[in-house]
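Structure record follows, encoded as structure tokens.
In what follows, chains carry the letters A, B, and so on, assigned in the order in which the sequence lines appear, proteins first and then strands, with residues in each chain numbered from 1.
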Amino acid sequence: MIFAGCDVGTLTTKAVLLKNDQILAYSIVTTEAKAEQSARNAMNQALSNAGITIDNVKYCVGCGWGAARIPFANATESDIRCGAVGVLWLLPTARTVIDVGGLFTRVAQIDKEGRVIDYVMNDKCASGTGRFLEIMAEALEINPDDFDSPSLQGSHPVNITSQCSVFAESEVITYVNEGSEIANIVSGINNSIALRTATLVGRLGVIEDVVIIGGVAKNQAMVKILEEKIGVEIKKVKFDPQIVQALGAALIAKQKAG
Amino acid sequence: MIVAGCDVGSLTAEAVIMEDNRILAYEIIRVRPRPEQSASDVMNKTLEKAGLRIDDIEYCVSTGYGRGRIPFAQKNVSEISCHGKGAHWLVPSIRTVVDVGGQDCKVICLDDQGRVKNFVMNEKCAAGTGRFLEMMAKTLGLTIEELGPVSLKSENPVSITSQCSVFTEFETMVLINEGKKIEDIAAGINQAMARRVYALINRIEIKKDLGITGGVAKNVAVVKNLEELIGFKAVEFPQDPQIMGALGAALFAKENYLKQQRRK
């Protein structure tokens with residue numbers, strides 16, 4: 001039996017197909033103007049990767065910003081709950097989930113059943129999120145993935161003093177114009193993202209094991225700085241961190257259908 | 001006596017050349033990567049307009065965020081003092097200046113001589129600054145100049161719930177895709193902008209008359225919304241509100257030049 005999870009995020013849309021207890025296929029596509037279309041694009045790609053059609057899917061759970069507008073979803077579930085379920089499936093000892101997504105960063109403490117005990121998120125400011133990283137990448141004319149590149153980690157990171165994404169972008173442009181090395185600017189930005197995330201983590205406190213998911217979790221250079229700032233080890237999930245929430249949605253689909 | 005003021009801001013640079021008590025010429029340009037470059041470009045354009053050469057300028061004062069790096073300025077003065085000075089010179093009854101610039105927003109309280117008594121400033125968040133309006137205009141496919149007039153056509157302004165520029169940009173895209181009219185979204189954005197500026201005004205005790213300076217003062221809808229929030233009309237300046245900092249700098253240049261002459 002096949003179950004699906006679809007996560008329509010603010011920047012990317014993810015779909016995961018689960019067959020029994022195995023991940024059959026998944027996809028990540030850019031979120032388009034309409035949530036419905038983004039969901040279809042992601043699901044069609046995952047289905048085609050698996051060589052099946054939507055009729056083979058028994059139950060689908062949607063989550064993310066566009067959850068309510070996924071045409072083929074049978075139910076929706078909160079992002080934090082999906083993230084918790086996905087994380088626990090990959091790492092049963094996880095108790096704190098840091099999720100750095102497109103526009104939102106969330107930190108949640110969870111119990112061993114995946115119930116959310118408490119959480120904090122950035123609700124007023126996009127600083128340190130995926131979109132923040134994208135804006136900085138555009139200003140530097142590099143790919144967001146390059147922020148993780150070992151050759152772009154500078155030994156003398158610049159100091160990004162603004163928290164605001166818009167002002168930080170101006171700061172980055174000024175550093176470029178003044179001739180700062182790109183590697184030092186990249187490291188400065190990684191520091192800045194880690195600081196924003198650590199501040200949020202600090203508001204909630206951590207219970208080990210700590211796990212990081214979301215698109216920005218792929219930036220291992222940033223994760224390393226974050227580890228230093230919060231003073232505990234951050235465990236990696238043995239899967240693409242960007243699709244853990246969609247995976248959780250698929251696991252919940254299985255429970256709901258069962 | 002010919003003096004000049006040069007204001008290098010975060011988004012635009014302005015220069016004003018004065019002869020005695022008269023504005024001879026002014027220019028506004030988009031900033032270049034380096035403040036030095038912006039300053040010489042805008043000054044050269046202004047000089048050309050006035051039919052003068054840099055040697056004709058007897059004293060120049062710089063202001064704005066790049067004010068310490070202007071090679072041809074003899075002195076630099078903070079933009080808060082300059083905005084107060086310029087606004088008071090044009091409208092002597094003014095006691096409050098709301099300056100909404102490219103990357104900050106300031107509310108400046110003046111005494112009857114145009115001196116700064118007190119001020120509050122937002123420089124931490126782009127909401128409520130010119131950059132915010134620029135971002136949303138771009139998302140709506142409008143120029144910054146069109147954002148005000150287009151929104152006046154709106155009969156049903158949308159409600160913008162976010163404060164953060166990045167969140168609002170996303171909200172704007174969603175509204176466009178939901179089929180909301182551009183004028184209604186533009187009106188909602190101008191309202192949100194006015195609310196942010198008003199929140200800053202509320203942090204300080206203000207007195208009449210009040211004037212709005214900076215590039216955002218040219219957005220008719222933001223000015224109208226802000227006037228509704230504060231409950232009275234802002235004064236109209238007989239000059240472009242965007243040159244207030246540079247004008248104030250030129251007036252300081254004049255004072256400094258006269259002081260220098262007296263010392264000789």
Side-chain angles (χ1 to χ4, degrees), chain A residues 8-12 30-39 64-69 101-105 121-139 141 160-180 193 196 216, chain B residues 8-12 30-38 64-66 68-69 101-105 121-141 160-180 192-193 196 199:
Chain A
V8 183
T10 52
L11 296 185
T12 58
T30 303
T31 297
E32 287 185 13
K34 293 198 189 294
E36 294 83 346
Q37 193 55 47
S38 309
W65 155 78
R69 290 193 279 156
L103 285 188
F104 301 105
T105 301
M121 70 179 284
N122 66 320
D123 46 2
K124 289 206 171 70
C125 173
S127 184
T129 62
R131 181 67 188 130
F132 178 90
L133 185 66
E134 265 190 7
I135 292 172
M136 300 313 141
E138 280 164 30
E141 296 177 341
I160 309 282
T161 60
S162 312
Q163 178 181 324
C164 175
S165 314
V166 173
F167 292 171
E169 179 194 21
S170 305
E171 264 189 87
V172 165
I173 292 169
T174 303
Y175 279 124
V176 173
N177 289 331
E178 284 174 350
S180 296
I193 297 171
R196 293 308 313 148
V216 181
Chain B
V8 181
S10 56
L11 291 186
T12 58
R30 184 90 194 166
V31 287
R32 309 286 306 275
R34 288 169 171 275
E36 300 88 325
Q37 249 183 320
S38 308
Y65 105 99
R69 292 167 58 177
Q103 282 211 162
D104 59 26
C105 177
M121 183 169 181
N122 160 37
E123 49 182 350
K124 291 218 164 66
C125 169
T129 69
R131 276 291 271 138
F132 172 87
L133 285 186
E134 241 186 30
M135 240 170 122
M136 303 320 142
K138 193 178 163 203
T139 309
L140 287 172
I160 298 287
T161 57
S162 317
Q163 176 181 323
C164 171
S165 310
V166 172
F167 289 173
T168 307
E169 182 187 40
F170 183 72
E171 207 179 334
T172 301
M173 280 191 283
V174 172
L175 289 165
I176 296 170
N177 291 311
E178 282 174 356
K180 293 273 189 298
M193 175 74 191
R196 290 309 307 153

State plainly whether the residues Glu171(B) and Lys180(B) are in salt-bridge range, i.e. N to O under 4.0 Å.
no
For Glu169(A), which residues count as a side-chain hydrogen bond (donor to acceptor under 3.5 Å, both in side chains) partner, sequence neighbours excluded?
Arg131(B)
Max heavy-atom pair count under 4.5 Å with chain A, selected residue of Lys124(B), Gln163(B), Glu169(B)
Lys124(B)
Which answer fits Ser165(B), side chain, backbone, both or neither, if we ask what part of it has an atom under 4.5 Å from a heavy atom of chain A?
side chain
Sequence neighbours excluded, the answer for ring pair (Phe, Tyr, Trp, His ring centres under 6.0 Å) partners of Phe104(A) is Phe167(B)
Contact origin within Ile135(A) toward chain B - heavy atom pairs under 4.5 Å:
side chain
If we ignore hydrogens and angles and just use 3.5 Å, is the side chain of Arg196(B) paired with the main-chain N or O of Thr129(B) as donor and acceptor?
no
Residue Ser165(A) versus chain B: region with a heavy atom under 4.5 Å:
side chain
